Amino acid sequence: VQTRQYQEEAARRAEAAVLGATMQAAAPLTGLMSRSQGAVAALAAALAGVADDPVACNELLARFYAQPVNRAYSFVGFVPRSLQMDCSPQGPRDLTGQDHLVERMDTGLPTITVNQHGMVSGTSVLIFSHPVRNSSGAVVGLVSLSIPQRALATAELRHGLEDRVGPEPVALITFDSSGHIMTSSVGLEEAAGRLPQGIALTDLAKRSPRSFRSVSVNGFDRVFAVVPLADGNLFLLGNWALQSSDAMIFDAPVPVLAFPVLMWLASLLVAQLASEHQVLRHLRALRRAIADFSGGSRRLPETDLEDAPM
């Protein structure tokens, strides 16, 4: 019973460590996403007074985009309800037919989406959008920021993961409450193979932070950790090598009953060594001395005082 309890405790301790490691390894990614959400919200507030003035709107977004800290974004722009975008450092665009943009405006909520083919970068991008409201509170458009997936997979975002190599290296995957994959430290094309078998992302999104052991779609034994990020709308899934868990010591093909048996045999060995050193060897010496005395020998044995107390 004690062995099984220790085994369960070791597994819980390892899974808790995976949760902490997932959050630590993803700190640069979550930090960038938090900054992007804050930036697009600040732009929405600033654009409220200039949304109807294309010149002032362009100047505001140009100043934002010119700052070195914002160069990671591949696109920034204000999209009015007419879908004729005239306010963007990347130039005007006709977005007629993009009805999903109007649907986002109608929700009146900030969103995070993925576009596999960004209209500026031409690559997969993560898009942060925020509604822009006029003085009466009506939504007049959206302001959006785009970050290329390659920027999310830089060495900075993978800090702490480079040395964890193997048949399936560590993967950090973000997904939304609908089960759509948003970002992946190993690339979107490989993300599907790093998910746990038989578990939908929508099911993982319904639970509190947790970790568990499972087999990945690629067929490797892994430890997974799920952590909510953005107000329950965005989640982080960590895929870690099982060898990183100290519970691996119990994965050997040995029945649980073998551990108490081995402990019992070890205790017998210790008891035998102790009795030999403390009792039996002295009894044998006494027996030899009595036998010699009975045989007429009166010679005193040599006294070993090397370890005698002072």
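Nothing here was measured: the structure is a model prediction, and the numbers come from that model.
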Item to check | Side-chain donor/acceptor of Asn58 to backbone N/O of Asp86, under 3.5 Å | outcome: yes

Checklist entry - Under 4.5 Å between any side-chain heavy atoms of Val140 and Arg81, yes or no? => result no

Checklist entry - Any idea which heavy atoms bring Arg104 and Leu142 closest together, and the distance? => result CB-CD1, 3.7 Å

Next on the checklist: Using modelled atom types and a 3.5 Å cut-off, is there a donor and acceptor pairing between side-chain atoms of Ser146 and backbone atoms of Ser74?
Outcome noted: no

Checklist entry - Do Val215 and Phe224 share a hydrophobic cluster (ILVMFWY, side-chain heavy atoms under 4.5 Å, transitive)? => result no

Next on the checklist: Just to verify, what does Arg63 make a salt bridge (charged side-chain N to carboxylate O under 4.0 Å, His left out) with, not counting sequence neighbours?
Outcome noted: none

Item to check | Under 3.5 Å: donor-acceptor pair, side chain of Asn239, backbone of Ala171 | outcome: no

Next on the checklist: Test side chain to side chain contact (heavy atoms under 4.5 Å, CB included) on Leu43 and Leu60; report intermediate values, then the result.
Outcome noted: CA-CA 9 Å; Leu43 285 175; Leu60 190 152; 3.8 Å; yes

Item to check | Side-chain (Arg222) to main-chain (Arg213) donor-acceptor, under 3.5 angstrom | outcome: no

Next on the checklist: Go through it in stages, so that I can follow the logic: the residues are Val69 and Arg35, the test is side chain to side chain contact (heavy atoms under 4.5 Å, CB included), and I'd like the CA-CA distance, side-chain angles, deciding distance and then a yes or no.
Outcome noted: CA-CA 11 Å; Val69 70; Arg35 290 193 299 272; 5.8 Å; no

Checklist entry - Is the shortest heavy-atom distance from the side chain of Asp53 to the side chain of Glu59 under 4.5 Å? => result no

Next on the checklist: Using side-chain heavy atoms (C-beta onward) and a distance below 4.5 Å, is Val114 in contact with Ile181?
Outcome noted: no

Next on the checklist: Looking at Asp52, I want to see if its CG is surrounded by more than 12 non-hydrogen atoms of other residues, nucleotides or ligands under 6.0 Å.
Outcome noted: no

Checklist entry - What pair of heavy atoms forms the shortest contact from Pro131 to Val139, and how long is it? => result CB-CG1, 4.0 Å

Checklist outcome for this item: The side chain to side chain contact (heavy atoms under 4.5 Å, CB included) partner of Leu145 among Ile127, Val76, Leu126 is Val76

Item to check | Atom pair CD1 (Ile112) and CD1 (Ile147), whose distance is rounded to the nearest 0.5 Å | outcome: 9.5 Å

Checklist entry - Do any pairs count as a disulfide bond (SG atoms under 2.5 Å apart) and have a residue in residues 54-117, sequence neighbours left out, and if so which ones? => result Cys57-Cys87

Checklist entry - Given side chains that start at C-beta, do those of Ile199 and Phe212 come closer than 4.5 Å, heavy atoms only? => result yes

Item to check | Contact check, side chains of Arg194 and Ser216, non-hydrogen atoms, under 4.5 Å | outcome: no

Next on the checklist: If we ignore hydrogens and angles and just use 3.5 Å, is the side chain of Asn218 paired with the main-chain N or O of Phe220 as donor and acceptor?
Outcome noted: no

Item to check | Name of the residue among Val79, Leu95, Thr96 meeting side chain to side chain contact (heavy atoms under 4.5 Å, CB included) with Gln84 | outcome: Thr96

Next on the checklist: Taking the side chain as everything from C-beta on, heavy atoms only, tell me whether Leu101 gets closer than 4.5 Å to Ser129.
Outcome noted: no

Checklist entry - Of all residues at least two apart in sequence or in a different chain, which pass the side chain to side chain donor-acceptor pair (under 3.5 Å) check with Gln272? => result none

Checklist entry - With distance as the sole test, does Ser88 use its side chain to make a donor-acceptor pair with the main-chain N or O of Gln90 at under 3.5 Å? => result yes

Item to check | Side-chain touch Leu204/Phe235, heavy atoms, less than 4.5 angstrom | outcome: no

Next on the checklist: With heavy-atom distances below 4.5 Å as the criterion, would you say the side chains of Tyr73 and Ser36 are in contact?
Outcome noted: yes

Checklist entry - Are Phe175 and Val217 joined in one hydrophobic group, where the rule is that I, L, V, M, F, W and Y side chains link up if heavy atoms are under 4.5 Å apart? => result yes

